[in-house]
Amino acid sequence: MSVEPITSPPSLLLFFAFAFGSIVGSFLNVVVWRLPRGESLSHPPSHCPKCGHSIRAWENIPILSWLALRGRCSNCAQPISWRYPLGELSLGLLYAAVTWNIWRNDLPLALLPGFFWLTASLLAAAQIDLKHRIIPDKLNYAGIIVAVLLSLLLPGSRLIGQELPAPMQASIISEAVLAWLAKACARTQPWNWRFVALIDLLLGLLLAAICFLVFYCLEKLPARRHKTEQRQLMGAGDLKCIAMIAAFLGADACIYILLGAAALGFVYGTAQMLWTKKRAGFFSNLPFAPFLAMPTLFWLVKGNWLYFVYRALLK
Ligand SMILES: [Zn+2]
């Protein structure tokens with residue numbers, strides 16, 4: 001059995017991805033606490049919520065500081081929530097897994113900035129939605145702006161035009177568009193990838209707009225029938241979150257992610273209904289961001305969930 005040396009590129013790359021993820025995770029803890037409360041992300045600097053003691057640099061090292069302090073404030077000895085190191089560890093592991101997927105499939109590292117941003121945003125959105133039942137606009141809009149900037153400045157950061165591994169294929173829409181473009185403007189080949197990246201992004205946003213229209217109409221229907229109660233299937237924040245995912249990954253990936261989110265939401269909603277034996281809360285007030293985050297993170301780490309289900313069924 002051959003043992004890989006510790007300094008081989010993947011291990012080092014994965015270590016840096018993990019370290020970077022845990023540092024971003026540390027900042028994400030601040031985002032998750034302050035953003036839904038409308039507080040500034042930069043001011044005041046990190047401090048103990050119980051005694052106000054400013055966190056010094058050595059107390060701010062992801063995961064390690066919490067362990068060194070044994071989960072207590074160095075000043076007042078009050079416990080520091082385990083959620084902080086868990087958030088740092090989770091994002092570190094997710095960044096390492098996303099990087100591993102890209103490395104293993106020989107995909108360009110240019111995909112990383114967008115994938116990292118989306119991963120962090122979804123982890124924050126899921127946590128905030130679970131606690132506060134909102135997804136802050138700032139989180140969704142910032143993601144969409146970053147996706148637009150990446151399309152313009154780093155067109156290779158998108159999935160379109162990449163030689164994707166089987167679980168990430170099934171790019172029906174983008175392939176049709178590329179084929180149509182090849183016919184329509186044969187002379188412009190080889191592609192201007194910035195143009196292709198922007199088209200891919202716009203198709204994603206178009207899909208999100210269609211979702212928005214569908215849910216807008218669905219909400220109107222029951223409201224007209226029973227005037228007393230207006231049910232909300234999906235909030236505006238959820239739809240903006242879909243737009244952010246679609247802006248990063250394009251329409252094709254987003255369709256499978258939406259299917260996954262709908263399936264998870266349905267299973268959870270049904271289980272909740274059977275558990276509480278109440279129909280009133282059926283599918284209303286579901287925190288939808290975790291259901292969107294799960295299939296998206298699965299896509300980033302492994303590929304299309306439906307591909308694996310299909311493969312398992314064929315066996
Ligand atoms: Zn303290």
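Both ligands and their constituent atoms are indexed starting at 1 by order of listing. Fair warning: this is a prediction, and the values are worked out from it, not measured in the lab.
- Note on I255: it clusters hydrophobically with L239, by side-chain heavy-atom contacts below 4.5 Å among ILVMFWY residues.
- No donor-acceptor contact under 3.5 angstrom links the side chains of D200 and S174, judged on distance only.
- The structure places CG of N60 at 6.5 Å from CD1 of I55, a figure rounded to the nearest 0.5 Å.
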Full working for ring-ring contact (aromatic ring centres under 6.0 Å, His included) between Y95 and F18: CA-CA 6 Å; Y95 274 20; F18 176 82; 9.8 Å; no
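- Of all protein atoms, those of element N, O or S that lie under 2.8 Å from the Zn ion (ligand 1) number 4.
- A donor-acceptor pair shorter than 3.5 Å can be found between the side chains of W117 and S121.
- F16 is listed as a side-chain neighbour of L12, based on a closest heavy-atom distance under 4.5 Å.
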